[in-house]
Amino acid sequence: MIRIALNRILQGIPVLFVVITVTFFLIRQAPGGPFDAERALPPEVIKNLEATYRLDAPVYQQYFDYLGNLLKGDFGPSFRYPGRSVTELIATGLPITLELAVYALAVALVLGLLAGLLAATRPRTLQDYLPMALAMTGICLPTFLLGPLLVLVFGIWFEWLPVSGWGYAPGDKILPSLTLGLAYAAVIARLSRGGLLEVLSQNYIRTARAKGLSTPTILFRHALPGGMAPVIAYLGPAIAGLLTGSFVVETIFQIPGLGRFYVQAAFNRDYTMIMGTTILLSALIVVLNIVADLVSIKLNPQLRQKHRHE
Amino acid sequence: MNNKMLASHHPLDGQDGEYGQSLWSLAWAKLRKNKLAMFGLGVIVFMTIIAVLTPLLSPYPQEAQDLTLGAVPPSAAHWLGTDTLGRDLLTRLMYGGRVSLLVGFAATAVALVIGILWGTIAGYFGGIIDAAMMRIVDILYALPFMIFVILLMVVFERSFLLLFLAIGLIEWLTMARIVRAQVMNIRRQEYISAAVVTGLSRRQIIFRHIMPNVIGPVIVYVTLTIPGVMLFEAFLSFLGLGVQPPASSWGVLISDGVETMEEYPWLLIFPGIALSLTLFSLNFLGDGLRDALDPRTTVDGDGG
């Protein structure tokens, strides 16, 4: 297991290196400098600015400087918010985005597994069709549509919940978490239904029934662990999706998280900020994917076998 | 498709028996029994026709404005109402749909071409070529592409071409994997050995005997990729990083609609319905095609 883990981590490092390098050189290609203000600045001022941000050094020099600073956890200064470093901005946004992602993941797992369990225990009945129809709706209703619709219904028409913010008013975390989580709940519902149905048709389940075990015991002790394999395999992509989904949800609900910073930085051409957030989000996704991989290998003996022979 | 075969009332039993049913006519017969998939197909055909004929069909010219009107709810003159600038929503929806569908189809086509070539070459030659090519795919897979597409849209001038290419460049990876698996599977079949023995050239074998049999799973994946691409385009446009004004797409219209949804909810609801209905239809059609092209299912709909 440790060998597999080490192997995975070693595979992750070149990916991160590619991410950093590609991001750095792509950003250098961008039209317009970060100091393109509405009024033209005198050349001396630009020169001073460039010297301050070390933009006057040769590109390869800047690249190695940037790499060195990254190792120290320093993402450089923000071009748009003078005096604040990208690291500072990230440090305020990241916890919020992670909290949102965790709540959304909880929504997705609880609702998704519940729906999948309901559907799989009584296939081809209303108890199957209804949750699955809802799941299909959830998959086809994009986040940027679902969010505003939830706001319209629960925030504006019924006035039950706050329409924006994060931690300012009681209950304002509910709608963003639901918006981000529901689409994944839908996918998890379909995956867990499929996984469970497959497992429930196996011989060992029939044996368990024949032994006279109760239905809940069969479901939770015997069927669920095996039936969860597709769901666990989906967790990696789901987490990556949750992080990018936060761009939209944080924009809709005006949440000061990393996603909103990223979108704003993209508009403002705040290049150091874009670079910092891209690299950080990519690193997070790569790391979480590795974790998800390891968890599914740990839980699935067949995969473990396969990796041992690699 | 071949109507003569379909009109026949032969009791089809899922085996290519005495009637010599081809895979395609069988699949079509199965698909026709799937109501949701046929509904999906109908919607897609309808939307595509509308999109192609928009300049002829739209009730008003693309940029027609009636500023005295402002935003009015649906009426006889404006079936879906007008937006805050007095533009007919149905007209905007039709023109936006053209862009959304075009991005969906074109980006998928990019993915299709790269994916099929890559997958076929890797799968057919195998060995070290395969290992090297699929290793590249593995590495690319680990990259968070969504973020990179946004980065590309920020760095370069936002153009349609870039949008197609950027999205297509994400989607070809899965396509390559599917095609490779399928090609490797087919290569081991006896009829390929037979073709080699008869002295057919490598090109003939690849194009005549392997490619056509790869098409099934590819079609299914294409049908499921198009909604994914359309969703991604709408996601980018919603954030303001996708299709740029004056062009619009359903994502742009939804984004506009959100800003005024409190006062003029129809500006959000109708574009939302258009996009969701299309995504629904493509997903149902894809699911239906998957069942229909699976030789293990029968025309009666149950698994064999």
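Nothing here was measured: the structure is a model prediction, and the numbers come from that model. Numbers restart at 1 for each chain; the letters A, B, ... are given by sequence-line order, proteins then strands.
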Are any non-hydrogen side-chain atoms of B:Tyr264 and B:Asp83 less than 4.5 angstrom apart?
no
For A:Ile285, which atoms come within 4.5 Å of any heavy atom of chain B: side chain, backbone, both, or neither?
side chain
Chain B contact via A:Leu16 - which portion, at a heavy-atom distance below 4.5 Å
neither
Less than 4.5 Å apart, any side-chain heavy atom of B:Leu268 and any of B:Ile254?
yes
Any donor-acceptor pair under 3.5 Å from B:Thr82 side chain to B:Val72 backbone:
yes
Residue pair B:Phe270 / B:Arg92, side-chain heavy-atom distance below 4.5 Å:
no
Step by step, would you call B:Asp291 with B:Lys30 a salt bridge (charged side-chain N to carboxylate O under 4.0 Å, His left out)?
CA-CA 8 Å; B:Asp291 292 343; B:Lys30 281 190 236 169; over 6 Å; no
Interface moiety of A:Ser282 toward chain B, non-hydrogen atoms closer than 4.5 Å
both
Under 4.5 Å from any heavy atom of chain A - which part of B:Phe235:
both
Who wins among B:Val258, B:Leu279, B:Leu239 for the most heavy-atom pairs under 4.5 Å with chain A?
B:Leu239
Among the options A:Asn289, A:Thr278, A:Leu141, A:Val248, pick out the one with the most heavy-atom pairs lying under 4.5 Å from chain B.
A:Val248
Measuring heavy-atom distances to chain B, does A:Val263 have an atom under 4.5 Å in its side chain, in its backbone, in both, or in neither?
side chain
Side chain from CB out, backbone as N, CA, C, O: work out which of these in A:Thr23 comes under 4.5 Å of a heavy atom of chain B, or both, or neither.
both
A:Thr137 versus chain B, the contacting section by heavy-atom distance below 4.5 Å
both
Ignoring hydrogens and angles, tell me if any N or O in the side chain of A:Glu159 forms a donor-acceptor pair with the backbone of A:Trp157 under 3.5 Å.
no
May I ask you to decide if the ring planes of A:Phe144 and B:Phe238 are parallel, tilted or perpendicular, using 30° and 60° as cut-offs?
parallel
Quick check on B:Leu282 against chain A: is it the side chain, the backbone, both or neither that has a heavy atom closer than 4.5 Å?
neither
For A:Ala266, is it the side chain, the backbone, both or neither that has a heavy atom under 4.5 Å from a heavy atom of chain B?
both
What part of B:Leu277 gets within 4.5 angstrom of chain A, counting heavy atoms only: side chain, backbone, both, or neither?
neither
Using every non-hydrogen atom in the two residues, find where B:Phe39 and B:Ser281 come nearest and quote the distance to one decimal.
CE2-OG, 4.4 Å
